[in-house]
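Atoms considered below: every heavy atom in the structure, side chains included; atoms not considered: hydrogens, waters and symmetry mates. Just so you know, ligand 1 is whichever comes first in the structure, and atom 1 is the first atom listed for that ligand.
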Amino acid sequence: MSVLKEAPQTVKPPEPRRLSLPIASLVGLAALITALGVGHLIAGFVGYNASPFVAVADFVIAHSPHAVVVWAERTLGTADKTVLKIGLAVVLVLFAVLAGQVSRRTPRGGQIVVVLLGIAGVAAVYERTDVGQLALLAPVVSLAASAFVFTWLHHYALPPAFDESRPPKGPTRRQVLSRGIGVAAGAGVAAVAGQVISGTGSADTSRAAVGPLVAARKAPPLPPDADFQKLGSPPFITPNSDFYRIDTAFVVPQVRTEEWNLKIHGLVNREVSFSYNDIRSRPLVEREITMTCVSNEVGGDLISTAKFIGVDLVDLLDAAGVQSGAEQMYATSIDGFTCSTPAKIALDPTRGAMLAIGMNGEPLPVEHGFPARIVIPGLYGYVSATKWVTSLEFAKWDDRQSYWLQRGWAEQAPIKTESRIDTAKVTSGKLRVAGTAWAQHIGIAKVEVRVDQGPWQPTTLSTEVNKDTWRMWWTDLAVPSGSHTVTVRATDQSGYTQTDQAAEPVPDGASGWHSVMVNA
Ligand SMILES: Nc1nc2c(c(=O)[nH]1)N[C@H]1C(S)=C(S)[C@@H](COP(=O)(O)O)O[C@H]1N2
Ligand SMILES: [Mo]
């Protein structure tokens, strides 16, 4: 503060010119905030995903070891992106402080750190498949601006050389601080402006303009006992806001209908391409389908059911004429995620695979793939349910390897026959249990429960809506007082009874019996 100003003018040995620790950190932090703010502002014009912070976060997800991604998805669920955001911010702040600390005498060391970080941002944006070449403008200008701010603030803050003939006259600490804060505030305004600008062209406005989606072939009305919600089962149809969500996208891709296009290519007789209006103006079908994530643990909740509206995928594939040598349908999302489905299943006219544009009477919610996604009954989502899908390429297995297959998950991933206890309540010596069972594309035949090691007892099943959806079950059991374990198992319509062999979700889905403890 006043130390420099009031320095005695008596002769002193020359003090080395250097920044104090806090001021050096401030210079680094101001450069970091400038990089993020300027990058975000320009991303507002050239595409949200060009923002260096967003791109670096996505890069981290895409290059994390398999075990880390699985761990994050399992333990953090949908909060994993927030945790990553905070973690990345902490790492960047540490780098910014480091940049300051290695530059207390000359700006050189910090400039190198700033430029290296900037290059990481450029590389991360360069790697993206969902932004144009113009997008590089965001990280490049961000790098230039932060290198400039670092050099300029450093030069301003560094006290001038000690000179016997005149008192040293560097800026006060307060002056440096206010300049640093001024820069940060400006960068903050830039970041907010970038956010607002990218929002105005967002998918929400495009989605609102779609209007009602009416199916030409509506799903028959649900039977009144499609669920046992009053007895403790989940509702048959999951409201869109409760539908489970899994994706690798750090920010939800914003795709407008007029920008969207689906290309079918590779081992096909004719490459074809569909616009949103091409799809929308076809007669639409509506189907209830229960989707399940391969990461769902026994008893887990990564399973939901919706009425999907869209077109039959086979009709689109027939227009392209898929060649008999094709082994996989390799789907690509606008965010770079890829997904492979065995070609035989995608082409099976009895499967009911859809290109969906609607969900429960509305256009697809943005986070569930607006404008269009694939849904294929009976397969886990990671080998079927590509959101924001833009390309379907037919290929051999050896030609392409999709996102989760590269990370050790299985090529073939039919959903396993499973069941779950949702409610187990004891009232006056009577145990009421209710829950869910699923064996998509095969159908559930029976669900049984047992208390401790007692005999398996039948339950009442809900009316089957179709073989591609879950079924609810319930029953009342007599239990003696004390603590008990209740276990459930399902048998599907192929005659297979759910195995008690416990398996982890990796590589092709969890198995085992779900049980809960009750006190009677
Ligand atoms: N673009 C994209 N599509 C994706 C994924 C993804 O990470 N990115 N995840 C898949 C997985 S693993 C599942 S289980 C389903 C989940 O779909 P939902 O979020 O609509 O429930 O989407 C699939 N489609
Ligand atoms: Mo999944």
Side-chain angles (χ1 to χ4, degrees), residues 49 57-58 61-62 64 66 69-70 72-74 77-78 80-81 84 128-130 203 237-255 260 262 289-297 300-310 313 329-341 353-360 362-392 402-411 413-416 418 438 440 470 504-510:
N49 292 334
D58 273 339
I61 299 174
S64 294
H66 173 232
V69 176
V70 173
E73 188 172 309
R74 191 177 303 159
T78 38
D80 60 347
K81 308 299 187 306
L84 174 66
R128 296 193 74 100
T129 52
D130 60 343
I237 295 290
T238 315
N240 286 353
S241 55
D242 295 342
F243 203 97
Y244 84 90
R245 180 185 161 205
I246 294 284
D247 53 64
T248 59
F250 178 63
V251 290
V252 178
Q254 302 287 319
V255 189
W260 182 86
L262 177 68
I289 298 170
T290 298
M291 288 184 51
T292 310
C293 183
V294 70
S295 295
N296 195 37
E297 307 264 4
D301 59 2
L302 301 179
I303 174 165
S304 303
T305 302
K307 280 189 192 186
F308 288 98
I309 299 177
L313 180 64
M329 179 178 82
Y330 180 82
T332 304
S333 160
I334 193 114
D335 67 348
F337 173 83
T338 57
C339 169
S340 41
T341 307
M354 298 174 77
L355 176 73
I357 59 172
M359 189 173 172
N360 295 331
E362 297 173 13
L364 279 180
V366 174
E367 62 275 21
H368 291 292
F370 180 82
R373 74 174 308 168
I374 306 286
V375 181
I376 306 182
L379 299 185
Y380 286 120
Y382 82 105
V383 290
S384 63
T386 312
K387 304 192 268 190
W388 315 287
V389 63
T390 61
S391 151
L392 301 174
S402 59
Y403 189 92
W404 287 112
L405 269 56
Q406 287 168 29
R407 291 160 176 77
W409 296 75
E411 211 169 80
I415 297 172
K416 294 181 179 177
E418 274 289 324
W438 59 94
Q440 288 95 321
W470 56 13
E504 290 288 296
V506 190
D508 64 355

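- In this structure, the side chains of Thr292 and Glu418 stay at 4.5 Å or more apart for every pair of heavy atoms.
- When each of Trp409, Tyr382, Phe337 is tested with Tyr403 by the rule ring pair (Phe, Tyr, Trp, His ring centres under 6.0 Å), just one qualifies, namely Phe337.
- Side-chain N/O atoms of Thr290 and Thr305 include a donor and acceptor closer than 3.5 Å.
- Checked by distance only, ligand 1 and Phe243 stay at 3.5 Å or farther apart across all their nitrogen or oxygen atoms.
- For ligand 1 and Tyr382, the ligand atoms under 4.0 Å from any heavy atom of the residue are 11 (C), 12 (S).
- For atom 13 (C) of ligand 1, the nearest protein heavy atom (residue, atom name, distance) is Gly381 CA, 3.7 Å.
- Applying the 4.0 Å criterion to heavy atoms of Thr386 picks out, from ligand 1, the atoms 3 (N), 24 (N).
- Contacts with ligand 1 closer than 4.0 Å are made by no heavy atom of Tyr403, backbone or side chain.
- Among Arg373, Arg245, Glu367, the residue whose heavy atom lies closest to atom 22 (O) of ligand 1 is Arg373.
- Considering all non-hydrogen atoms of both residues, Leu392 and Val389 come closest at CD2-CG2, 4.0 Å.
- Shortest non-hydrogen contact noted between Val366 and Trp388 is O-NE1, 2.9 Å.
- Of all non-hydrogen atoms in Ile246 and Lys387, the two that sit nearest each other are O-NZ, 3.3 Å.
- Annotation: Ser333 places an N or O atom under 3.5 Å from an N or O atom of ligand 1; distance criterion only.
- Nearest to atom 19 (O) of ligand 1 among the protein's heavy atoms is Lys387 NZ, 2.5 Å.
- Nearest approach of Ala372 to Leu355, heavy atoms of both residues: CB-CD1, 4.0 Å.
- Checking only distances, Trp404 never comes within under 3.5 Å of ligand 1, N or O to N or O.
- In terms of protein heavy-atom proximity, atom 16 (C) of ligand 1 is nearest to Ile246 O, 3.7 Å.
- Looking from atom 21 (O) of ligand 1 to the surrounding protein, the closest heavy atom is Tyr244 O, 2.7 Å.
- With a heavy-atom cut-off of 4.0 Å, Leu302 does not touch ligand 1 at all.
- For the pair Arg245 and Phe243, the cation-pi criterion (under 6.0 Å, within 45° of the ring axis) is not fulfilled.
- Protein heavy atom at the shortest distance from atom 24 (N) of ligand 1 is Ala385 O, 3.0 Å.
- If you look at Trp388 next to ligand 1, the close heavy atoms, those under 4.0 Å, all belong to the side chain.
- Both the backbone and the side chain of Cys293 come within contact range of ligand 1, each with a heavy atom under 4.0 Å.
- For the pair Ser295 and Leu302, the minimum side-chain heavy-atom distance is below 4.5 Å.
- In terms of protein heavy-atom proximity, atom 2 (C) of ligand 1 is closest to Phe337 CD2, 3.2 Å.
- Closest of all the heavy-atom pairs between Cys293 and Tyr380 is C-CD2, 3.7 Å.
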